[in-house]
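Scroll down for the structure; my scribbles are underneath it.
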Amino acid sequence: MAIPSEAVRVRYAPSPTGDFHVGGARTALFNYLFARHHGGRFVLRIEDTDQKRYNPEALNWLLRGLRYLGLDWDEGPETGGEYGPYVQTQRLEIYREHTRRLLESGRAYRCFCTPERLEAVSRELQEKGQNPGYDRFCRKLDPEEAAVRAARGEAHTVRFRMAESGEITVHDLIRGDITFQNANLQDTVLMKSDGIPTYHLANVVDDRLMKISHILRGDEWVNSLPLHVHLYRALGWEPPVMAHLPLILNPTGKGKMSKRESRAPDGRVMPVFVRRFEEMGYLPEAMINYLALLGWSFDDRTEIMSRQELIERFSLERVNASPAVWNYEKLDHLNGYYIRQLPVTELAERLLPFLRAAGFEADREKVLKVAPLIQERITTLSDAPAVANFFFLEELPPYDAAELVPAKGDAGMARIALEKAREALAAAGFTQAELEAALRSAAGDLKIKPGQMFQPIRVAVCGRKAAPPLFETLEVLGRETCLKRIDEAIRKLQS
RNA sequence: GGCGCUAUCGUCUAACGGUUAGGACGGAGCCCUCUCAAGGCUCAAAUACGGGUUCGAUUCCCGUUAGCGCUACCA
């Protein structure tokens, strides 16, 4: 695709009404990748024209989420830029000016209908079996007279004077040409009675003024495409290139990805907010990689891609048109993969806050030793406390003495094995290799299988059957702790 | 209801008229192995349906069906 690099300017334009959602993150990512791929600019614009749903925390959640994902914006809040301000409520005068222009050219008109009337009209139309909507009552008002009423302070909105016939065809980079009949379109409100524009006006004006070259947004916007294009034309502008991204659907495949967190049948939390994924210990590397694969692909085999590779390979031509179902298992797989790829020092560093949050007295030195032992056993960083608890706990959580009994053995065998192990551990050098040699020979002395000796020891020191490799674990734990826990296990077997 | 979008394994996807329809997640099995993982190998698993166009359709066109989205002085 021949796209002049300097010309590429894209934006992510969320509304600060709630928490930063993965659907939004995917839209932001595609914009980011497209901008970086073409050496263009990635603009962040806050569309806060809905004062009723405004949430003062939303902006913080958004910025934090974008930073966690590493989606740095070139222009926007906290960054500035030459097309600012980047918050729409700080641009109200601009929208009013453009509204005046539309009023003067006759492409818009003042509407004095009350919300009550609007509702009644819509209901009436529906009862008559017609499409609900506005009956264009104020369209035929004399503009001069309407201006006078407005000047007197009469509450009113400004509506777009939509063409009543004909059709409009819009080209979408992902979907091709889409044709709409103008007769099906509404005289949509552009300026609300409180003097704040609706999304439609603000969006069109800002994209133009901010020199946005490509609009990459979710598929839920295709139905406002004809309105927007009419608006651009009415203002004497050419619309930017349009590309509507496929929706992300719930894991069930029913409906678009929920805005609320839910729980799986097993009680597991199914996060939908970027902040929650961060809290749960999903790596930004994995999130980015997974999100990129939702609606886009590189070829028939490559799935693991770094941010740099994604930037190099991303292209709108390979974005899918069909919706994508969210798949937590696949994300988990990628997260586990990226955790395993981390250098141990890096893993330890990322693990530290999660271990401390669990109440463990975790220091760097200790975590550095534990990290390699749990690296391929966790899928998220927040799995670490449960998997590595016995490394940090002074007292092991209670476990059933029956766990100590090895396969094809009995309590007596477990006890003998542990006593023998205790003896060996008291004497052996405490390195992985020496421990293994000592314990294998101890098992040999008892004429039992190595596994029948290792399993009781494992349960004694870890408090459970599934754990990291035994000898490394013993080494990290140290002689004192190991002997103490084996003694406790022997006591458990006696009682 | 109206309008719009979409349609390949359960899921994410590859194929840009000619392939034994490929890969990944998940599932099953085997191997490795001190448990659990990780890793390796193998297997099962798809072109929604009906018409066209074409020598030939997963691919292009139309219809049906289904799913989803929008239908506010919300974005």
Side-chain angles (χ1 to χ4, degrees), chain A residues 13-17 47-53 111 113-115 118-119 122 126 129-134 155-159 172 174-175 178-181 183-186 188-194 196-200 202-203 218-226 244 246-247 249 251 253-256 290 293-304 317-318 320-334 336-337 340 373-379 387 406-407 436 439-440 443 449-455 457-459 462 464-471:
Chain A
S15 176
T17 51
E47 307 212 325
D48 57 345
T49 52
D50 183 353
Q51 70 275 54
K52 290 188 200 77
R53 291 195 308 154
C111 171
C113 295
T114 62
L118 259 21
E119 205 182 313
S122 206
Q126 212 157 6
Q130 291 173 314
N131 290 337
Y134 180 52
H156 67 282
T157 60
V158 175
R159 289 180 182 272
D172 182 284
I174 294 166
R175 278 148 231 280
I178 310 174
T179 300
F180 301 84
Q181 297 301 318
N184 290 327
L185 272 21
Q186 297 278 319
T188 311
V189 172
L190 301 178
M191 185 60 82
K192 297 182 260 187
S193 56
D194 59 4
I196 297 176
T198 59
Y199 162 80
H200 304 290
N203 185 266
D219 184 62
E220 68 265 33
W221 296 111
V222 289
N223 283 296
S224 45
L225 247 179
H244 287 85
L247 249 28
L249 269 24
K254 297 278 172 207
K256 74 173 169 176
Y290 178 69
L293 260 18
L294 233 36
W296 175 83
S297 63
F298 175 60
D299 62 12
D300 62 339
R301 53 194 66 252
T302 316
E303 294 207 318
I304 300 287
E317 287 150 57
R318 296 198 60 91
N320 245 3
S322 53
V325 173
W326 183 272
N327 185 337
Y328 285 103
E329 284 78 29
K330 184 131 183 178
L331 206 215
D332 280 348
H333 168 76
L334 286 172
Y337 172 83
R340 273 170 255 132
L373 299 186
I374 65 169
Q375 186 159 27
E376 53 193 37
R377 293 175 177 75
I378 55 177
T379 58
V387 173
E436 176 160 9
L439 291 173
R440 279 188 190 280
K449 286 185 187 164
Q452 292 180 307
M453 162 148 280
F454 300 158
Q455 192 66 358
I457 303 173
R458 172 176 297 112
V459 174
C462 302
R464 69 177 106 97
K465 284 178 172 171
L470 186 59
F471 314 113

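Lettering follows sequence order; numbering is per chain, from 1.
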Distance, nearest 0.5 Å, that separates [atom1] of [X] from [atom2] of [Y]:
X: A:M191; Y: A:H200; atom1: CE; atom2: NE2; value: 13.5 Å
X: A:I378; Y: A:L373; atom1: CD1; atom2: CG; value: 11.5 Å
X: A:L293; Y: A:E303; atom1: CG; atom2: CD; value: 5.0 Å
X: A:S15; Y: A:Y199; atom1: OG; atom2: OH; value: 10.0 Å
X: A:I457; Y: A:L470; atom1: CD1; atom2: CG; value: 5.5 Å
X: A:L190; Y: A:R159; atom1: CG; atom2: CZ; value: 9.5 Å

Applying ring pair (Phe, Tyr, Trp, His ring centres under 6.0 Å), name anything that partners [X], two or more places apart in sequence or on another chain.
X: A:H244; answer: none
X: A:H156; answer: A:F112
X: A:W326; answer: A:F277, A:Y290, A:Y328
X: A:F454; answer: A:F471

Each nucleotide of nucleotides 70-75 of chain B classed B (base within 4.0 Å of a protein heavy atom), S (only sugar-phosphate) or -, in 5' to 3' order, makes S--BBB
Per-nucleotide protein contact string for nucleotides 57-65 of chain B, where B marks a base within reach and S marks sugar-phosphate only (heavy atoms under 4.0 Å, - for neither)
---------
Rounding to the closest angstrom, what is the interatomic distance between [N] and [M] at atom [atom1]?
N: B:rA24; M: B:rA15; atom1: C1'; value: 16 Å
N: B:rU64; M: B:rG10; atom1: C1'; value: 25 Å
N: B:rA66; M: B:rC49; atom1: C1'; value: 10 Å
N: B:rA46; M: B:rC3; atom1: P; value: 36 Å
N: B:rA48; M: B:rA38; atom1: P; value: 34 Å
N: B:rG39; M: B:rU47; atom1: P; value: 31 Å
N: B:rA21; M: B:rA14; atom1: C1'; value: 9 Å
N: B:rG23; M: B:rC9; atom1: P; value: 16 Å

Base partner of [N], which must satisfy Watson-Crick or wobble distances under 3.5 Å:
N: B:rA15; value: none
N: B:rG26; value: none
N: B:rU35; value: none
N: B:rG4; value: B:rC68
N: B:rC60; value: B:rG52

Once side chain to side chain contact (heavy atoms under 4.5 Å, CB included) is applied, do any residues pair with [X], and if so which ones, sequence neighbours excluded?
X: A:D300; answer: none
X: A:E220; answer: A:L247, A:K256
X: A:K449; answer: A:Q452

Rounded interatomic separation in angstrom, taking [atom1] from [X] and [atom2] from [N]:
X: A:N131; N: B:rC3; atom1: CG; atom2: P; value: 8 Å
X: A:H244; N: B:rU6; atom1: NE2; atom2: P; value: 12 Å
X: A:Q455; N: B:rC34; atom1: CD; atom2: C1'; value: 8 Å
X: A:K254; N: B:rG67; atom1: NZ; atom2: P; value: 6 Å
X: A:D219; N: B:rC3; atom1: CG; atom2: P; value: 18 Å
X: A:N184; N: B:rC3; atom1: CG; atom2: C1'; value: 6 Å
X: A:F471; N: B:rC34; atom1: CZ; atom2: P; value: 8 Å
X: A:I178; N: B:rG69; atom1: CD1; atom2: P; value: 17 Å

For A:Q130 and A:R301, take the nucleotide of RNA chain B holding the closest heavy atom to each; which residue's nucleotide lies nearer the 5' end?
A:Q130
Taking any heavy-atom pair under 4.0 Å as a contact, classify A:G255: base, sugar-phosphate, or nothing.
sugar-phosphate
How would you label the contact of A:L470 with the nucleic acid (heavy atoms, under 4.0 Å): base, sugar-phosphate, or nothing?
base
Tabulated below should be each protein N or O lying under 3.5 Å from an N or O of nucleotides 29-33 of chain B; please produce it.
none

Looking at every non-hydrogen atom in both residues, tell me the closest pair between A:T49 and A:P197 and how far apart they are.
CB-O, 3.4 Å
So which protein nitrogen or oxygen atoms get under 3.5 Å of nucleotides 38-47 of chain B's nitrogens or oxygens?
residue	atom	partner	partner atom	Å
B:rA38	O3'	A:R340	NH1	3.2
B:rG39	OP1	A:R340	NH1	3.0

Working note: A:L334 + A:I304, criterion side-chain contact (heavy atoms from CB on, under 4.5 Å); need CA distance, chi angles, decisive distance, verdict.
CA-CA 8 Å; A:L334 286 172; A:I304 300 287; 3.4 Å; yes
Taking A:V189's backbone N and O only, do any of them form a donor-acceptor pair with A:T198's side chain (distance below 3.5 Å, no angle check)?
yes
Side chain of A:R318, backbone of A:S297: donor and acceptor closer than 3.5 Å?
yes
Between the protein and nucleotides 9-15 of chain B, list every N/O to N/O distance that falls short of 3.5 Å.
residue	atom	partner	partner atom	Å
B:rC12	OP1	A:V325	N	3.0
B:rC12	O2'	A:L293	O	3.0
B:rU13	OP1	A:G295	N	2.7
B:rU13	O3'	A:S297	OG	3.2
B:rA14	OP1	A:S297	OG	3.1
B:rA14	O3'	A:R318	NH2	3.4
B:rA15	OP1	A:R318	NH1	3.4

Are any non-hydrogen side-chain atoms of A:R175 and A:D219 less than 4.5 angstrom apart?
yes
